[in-house]
Amino acid sequence: MDSTIPTTAPTGAATEGDATRRTAAGASGRGTRPGAPAPRRGAGPGAPARSAPPRRRDSRRPTGPGPVSRTAAAAARRRERERLPRYWFANQLLLTLSGRRPVHTLLGHTLPAAYDRLIELAPLAPLRPAGSHAAAPVVRRCDEYRPRQGAIEAFARIACGDRLRALAFRLELGPDARWRCAAFDIGPTA
């Protein structure tokens, strides 16, 4: 007994286009679009094709990544701005001039003239807040002006309790592609 399957239609109406459509439809023989997902096994001719089991629908569970909290968004913005050279130097100068960090931490990040000025001012701690229980000073905002390629003139607003102070500094790009503080100045101490 011969167990071969005939390749032509029994009615004789099969054409070359029918064979192409049958090949594109896949093994099931149903007419599906090329590139469409294959129908599920065992599904009847009227059943919709599914590629995954049905999902659970529960109103008590969040459906996706929920909204980001304000504190998380603010922390992400703060981390992003800390990567800018002007903010990094403003924070480092503030820590040194408020007495919370020793001068030598900025040794490789300042040019000799600026480092000498830091050595003079650091013992005085001009940006230290008045009173022992006062909040530590923070950089509120820092902006920059670029007079030429490889130079940044930055100015920062420092919040010391309920007062605002000013800090201006100049950064220069060295031949090793690192920024260094060339000069700085703090506002009046009155």
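All residue numbers in this chain count up from 1 along the given sequence. Both backbone and side-chain heavy atoms feed into the values below; hydrogens, waters and symmetry mates do not.
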Problem set entry | Trace of the side-chain contact (heavy atoms from CB on, under 4.5 Å) decision for Arg146 with Glu144 | CA-CA 7 Å; Arg146 294 186 182 237; Glu144 70 179 30; 2.9 Å; yes
Problem set entry | Ala151 versus Pro147, closest heavy-atom pair with distance | O-CD, 3.7 Å
Seminar exercise, completed: SG (Cys181) and CD (Gln92) are apart, to the nearest 0.5 Å, by 11.0 Å
Exercise. Take atom CZ in Arg140; do more than 12 heavy atoms of anything else shown fall under 6.0 Å from it?
Worked result: no
Exercise. Cluster question for you: counting only ILVMFWY and a side-chain heavy-atom cut-off of under 4.5 Å, with indirect links fine, are Leu111 and Val103 together?
Worked result: no
Exercise. With a 4.5 Å limit on heavy-atom distance, are the side chains of Thr110 and Arg180 in contact?
Worked result: no
Problem set entry | Heavy-atom side-chain contact between Arg141 and Tyr87 under 4.5 Å | yes
Exercise. Is Ile152 close to Arg170 at the side-chain level, that is, under 4.5 Å between some pair of heavy atoms?
Worked result: no
For this session: Could you check if a side-chain atom of Leu167 sits within less than 4.5 angstrom of a side-chain atom of Leu93, using non-hydrogen atoms only?
Result: yes
For this session: Step by step, work out the side-chain contact (heavy atoms from CB on, under 4.5 Å) result for Asp143 and Arg157.
Result: CA-CA 9 Å; Asp143 294 313; Arg157 292 165 195 83; 3.4 Å; yes
Problem set entry | Minimal non-hydrogen separation, Arg100 against Ala136, with atom names | NH1-CB, 3.4 Å
Exercise. So do Glu82 and Asn91 actually touch side chain to side chain, heavy atoms under 4.5 Å?
Worked result: yes
Exercise. What distance do Arg117 atom CZ and Glu120 atom CD have between them, rounded to the nearest 0.5 Å?
Worked result: 6.0 Å
Exercise. If you take all heavy atoms of Pro129 and Pro137, which pair is closest and at what distance?
Worked result: CD-CD, 3.7 Å
For this session: Answer yes or no: is there a donor N or O on one side and an acceptor on the other, between the side chain of Arg86 and the main chain of Cys142, under 3.5 Å?
Result: yes
Exercise. Would Trp88 and Tyr145 show up in the same hydrophobic cluster when neighbours are defined by side-chain heavy atoms closer than 4.5 Å?
Worked result: no
For this session: Give the cluster check for Leu124 versus Tyr115: same hydrophobic cluster or not, with ILVMFWY residues linked at side-chain heavy-atom distances below 4.5 Å.
Result: yes
Seminar exercise, completed: CD (Glu172) and CD (Glu153) are apart, to the nearest 0.5 Å, by 9.5 Å
For this session: Measure the CZ-CZ distance between Phe184 and Phe89 for me, rounded to the nearest 0.5 Å.
Result: 12.5 Å
Problem set entry | Heavy-atom side-chain contact between Arg79 and Arg77 under 4.5 Å | no
For this session: Might you work through the side-chain contact (heavy atoms from CB on, under 4.5 Å) test for Thr96 and Leu118, ending with a clear yes or no?
Result: CA-CA 8 Å; Thr96 303; Leu118 268 176; 3.9 Å; yes
Exercise. Is any side-chain heavy atom of Ile158 closer than 4.5 Å to a side-chain heavy atom of Leu94?
Worked result: yes
For this session: Output the distance between atom CG (Leu173) and atom CG (Asp176), rounded to the nearest 0.5 Å.
Result: 8.0 Å
For this session: Please find out if less than 6.0 Å separates the ring center of His109 from that of Trp179.
Result: no
For this session: Hey, could you give me the CD1/CG distance between Ile186 and Leu97, rounded to the nearest 0.5 Å?
Result: 6.0 Å
Exercise. Tell me, do Arg165 and Leu127 make a side-chain contact under 4.5 Å, heavy atoms counted?
Worked result: yes
For this session: Give a yes or no on whether Arg148 atom CZ has more than 12 heavy-atom contacts from other residues, nucleotides or ligands under 6.0 Å away.
Result: yes
Exercise. Going hydrophobic residue to hydrophobic residue with side-chain gaps under 4.5 angstrom, can you get from Ile119 over to Leu106?
Worked result: yes
